[in-house]
Amino acid sequence: MQQILVALFLFIPRALAEFGGGLGSFCQLDQDCITQNSRCNHGICACLPYYATFNNTQCLQSTLLGMPCQTSEQCWQKVANSTCAAGVCRCNKGFLQFRRHTCLIPARVGEVCYSSTHCKMWDPESHCDFLIPKLFGRCTCRDGQSLRDRCQRVSHAPPSPPRNKHRPHSGDALRRGEEAEGPVSLGLSCVTDKQCAAADANSRCRGGICDCVVTNGTCSAAVTGCHKGTFQCRGSGKCISWYLVCDGRSDCPGGEDEQCRETCPRTAFRCARSRPHVCISAGLRCNGSPDCPAGEDEVNCRDIANRGCPRGTYRCKDGSCIGGHEFCNAILTCPDGSDEPEGACNGSGPAHYCPFRCANGRCRSTAIACSGRDGCGDNSDETNCQICRCPKV
Ligand SMILES: *[C@@H]1O[C@H](CO)[C@@H](O)[C@H](O)[C@H]1NC(C)=O
Ligand SMILES: *[C@@H]1O[C@H](CO)[C@@H](O)[C@H](O)[C@H]1NC(C)=O
Ligand SMILES: *[C@@H]1O[C@H](CO)[C@@H](O)[C@H](O)[C@H]1NC(C)=O
Ligand SMILES: *[C@@H]1O[C@H](CO)[C@@H](O)[C@H](O)[C@H]1NC(C)=O
């Protein structure tokens with residue numbers, strides 16, 4: 001009798017379909033299921049957990065964002081709100097990729113954020129104010145003004161002076177006043193010896209620039225000791241990250257990093273077509289949202305002809321240009337993730353591009369130098385943020 005049954009199963013096509021061991025067929029034991037990475041689940045052959053059914057014939061391993069896929073189930077099994085598009089797992093529209101394992105919904109003002117893009121998806125005027133550097137922060141409006149979860153639109157006037165920080169003079173008065181008597185630090189332009197001496201007793205105004213009376217090779221107008229690319233505060237000599245210049249908040253004791261009309265600090269981005277001329281933080285160049293009154297900060301932000309991205313920005317492998325500070329900041333910003341080359345970022349591999357090399361060998365953007373936060377992990381970017389003192393006469 002049993003033999004007859006077996007014979008029936010072998011020769012009746014319908015029975016073959018149901019007991020054949022393929023996906024969806026009946027089974028008693030795992031061994032009954034013949035498809036690779038399938039098992040017997042409640043009497044039916046099914047793919048193992050974290051394997052996606054494909055074409056009803058295969059079990060494909062689920063994968064992380066940016067990895068090749070054949071079916072969306074491979075993506076969303078592992079990362080919620082992701083899908084398989086053009087053969088690669090990506091976040092659904094309206095979600096932001098975070099590392100390889102998360103698709104984030106936009107962060108509202110006041111909510112926890114992992115990057116400024118995360119905030120800007122909700123409100124372009126907001127940014128992520130990091131509480132723990134490069135890890136997380138809260139979305140904040142540029143001038144701190146918000147109405148519930150949105151930033152209040154200020155007119156596209158130059159950044160207003162910070163409200164709660166003391167600022168001795170208005171921009172023009174300060175500039176004129178300082179030319180007469182305010183202290184001027186080593187390496188910056190001066191008119192009188194007195195200005196230089198007010199900042200460092202052993203410096204004088206030489207050829208329009210404050211320089212040491214005697215130079216010993218390690219400290220002079222040419223070698224002020226600050227990291228390359230940082231902005232030097234005129235009075236105190238403190239050096240700050242270029243990212244902080246013209247960002248709407250004064251970081252120099254005298255607020256000179258926020259004198260951003262007409263003559264711009266060298267490290268800022270000049271909105272050349274806008275009248276009157278204003279300058280914005282160079283960190284806003286190519287960030288995907290216009291910040292200059294005429295939007296010139298978002299011009300030429302795709303390097304199609306392979307001639308390079310605008311100065312100070314980073315070129316992704318796919319030719320898109322992103323803010324230079326996005327390089328090795330532990331957040332994938334390039335669509336292809338090429339702004340986080342692991343070997344260069346963690347100092348373990350060759351670096352074809354290394355704007356700022358930390359003492360521990362890691363590569364970072366020059367924006368981290370003197371930003372007030374340890375961007376290297378060994379604090380080497382936060383040393384040398386005060387100019388050297390001239391040797392005594
Ligand atoms: C899909 O399944 C059919 C049989 O059902 C098979 O002939 C075909 O090769 C499969 N395609 C892929 C891409 O595996
Ligand atoms: C995102 O994924 C979660 C978990 O799968 C789901 O509950 C939610 O509805 C998804 N959101 C959208 C907008 O698709
Ligand atoms: C740096 O990243 C590479 C690639 O992921 C890894 O193999 C290496 O162990 C990492 N090195 C350090 C020091 O973290
Ligand atoms: C030069 O002068 C500075 C300031 O006094 C001092 O710190 C430095 O060690 C001197 N360098 C040399 C080579 O003498």
Side-chain angles (χ1 to χ4, degrees), residues 23-24 33 35-132 134-141 146-153 287-290 316 318 320 322-323 326 329-340 342:
L23 293 174
C33 303
T35 306
Q36 211 177 0
N37 298 312
S38 70
R39 66 167 179 192
C40 191
N41 188 20
H42 299 294
I44 303 279
C45 288
C47 290
L48 288 168
Y50 290 105
Y51 282 83
T53 312
F54 176 64
N55 188 29
N56 233 16
T57 57
Q58 292 180 53
C59 293
L60 302 176
Q61 194 165 17
S62 52
T63 72
L64 293 172
L65 300 172
M67 308 299 279
C69 54
Q70 286 174 275
T71 169
S72 288
E73 195 184 346
Q74 281 179 283
C75 307
W76 58 248
Q77 272 193 355
K78 224 164 202 169
V79 182
N81 309 115
S82 69
T83 186
C84 188
V88 175
C89 286
R90 297 173 206 275
C91 290
N92 286 333
K93 208 158 172 275
F95 288 84
L96 176 72
Q97 177 172 347
F98 178 59
R99 310 261 165 93
R100 288 197 173 278
H101 52 70
T102 310
C103 293
L104 298 167
I105 55 167
R108 302 173 181 214
V109 173
E111 286 183 346
V112 169
C113 50
Y114 301 96
S115 71
S116 281
T117 313
H118 192 196
C119 303
K120 288 180 195 298
M121 287 201 304
W122 177 258
D123 189 323
E125 301 281 314
S126 66
H127 64 273
C128 192
D129 191 12
F130 283 94
L131 298 169
I132 297 182
K134 299 182 296 162
L135 214 55
F136 74 90
R138 277 189 194 282
C139 295
T140 311
C141 299
S146 63
L147 191 62
R148 269 177 275 153
D149 57 5
R150 295 272 179 192
C151 294
Q152 289 195 303
R153 294 286 176 277
N287 70 347
S289 74
C316 301
D318 72 351
S320 51
I322 60 169
E326 304 275 13
N329 70 345
I331 296 163
L332 296 176
T333 307
C334 289
D336 56 7
S338 53
D339 55 318
E340 302 293 325
E342 267 183 286

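Bear in mind that the values here come from a model prediction, so they are computed numbers and not experimental data. Counting starts at 1 for both ligands and their atoms, following the listed order. Excluded from the calculations below are hydrogen atoms, water molecules and symmetry mates; all remaining heavy atoms, backbone and side chain alike, are included.
Heavy-atom separations between Phe95 and ligand 2 include at least one value shorter than 4.0 Å.
Checking atom 14 (O) of ligand 2 against the protein gives a heavy-atom contact under 4.0 Å.
Judged purely by atom type and a 3.5 angstrom limit, Arg99 uses its side chain to pair as donor or acceptor with the backbone of Ala330.
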Quick one, Leu332 with Gln97, criterion side chain to side chain contact (heavy atoms under 4.5 Å, CB included). Give me CA distance, side-chain angles, the key distance, then yes/no. CA-CA 8 Å; Leu332 296 176; Gln97 177 172 347; 3.5 Å; yes
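Scanning the protein heavy atoms around atom 6 (C) of ligand 2, the nearest turns out to be Asn81 ND2, 4.3 Å.
Ring to ring, Phe98 and Tyr114 are close: their centroids are under 6.0 angstrom apart.
Those atoms of ligand 2 with a heavy atom of Ala80 less than 4.0 angstrom away are 2 (O), 4 (C), 5 (O).
Looking only at side-chain heavy atoms (C-beta outward), Arg39 and Pro49 come within less than 4.5 Å of each other.
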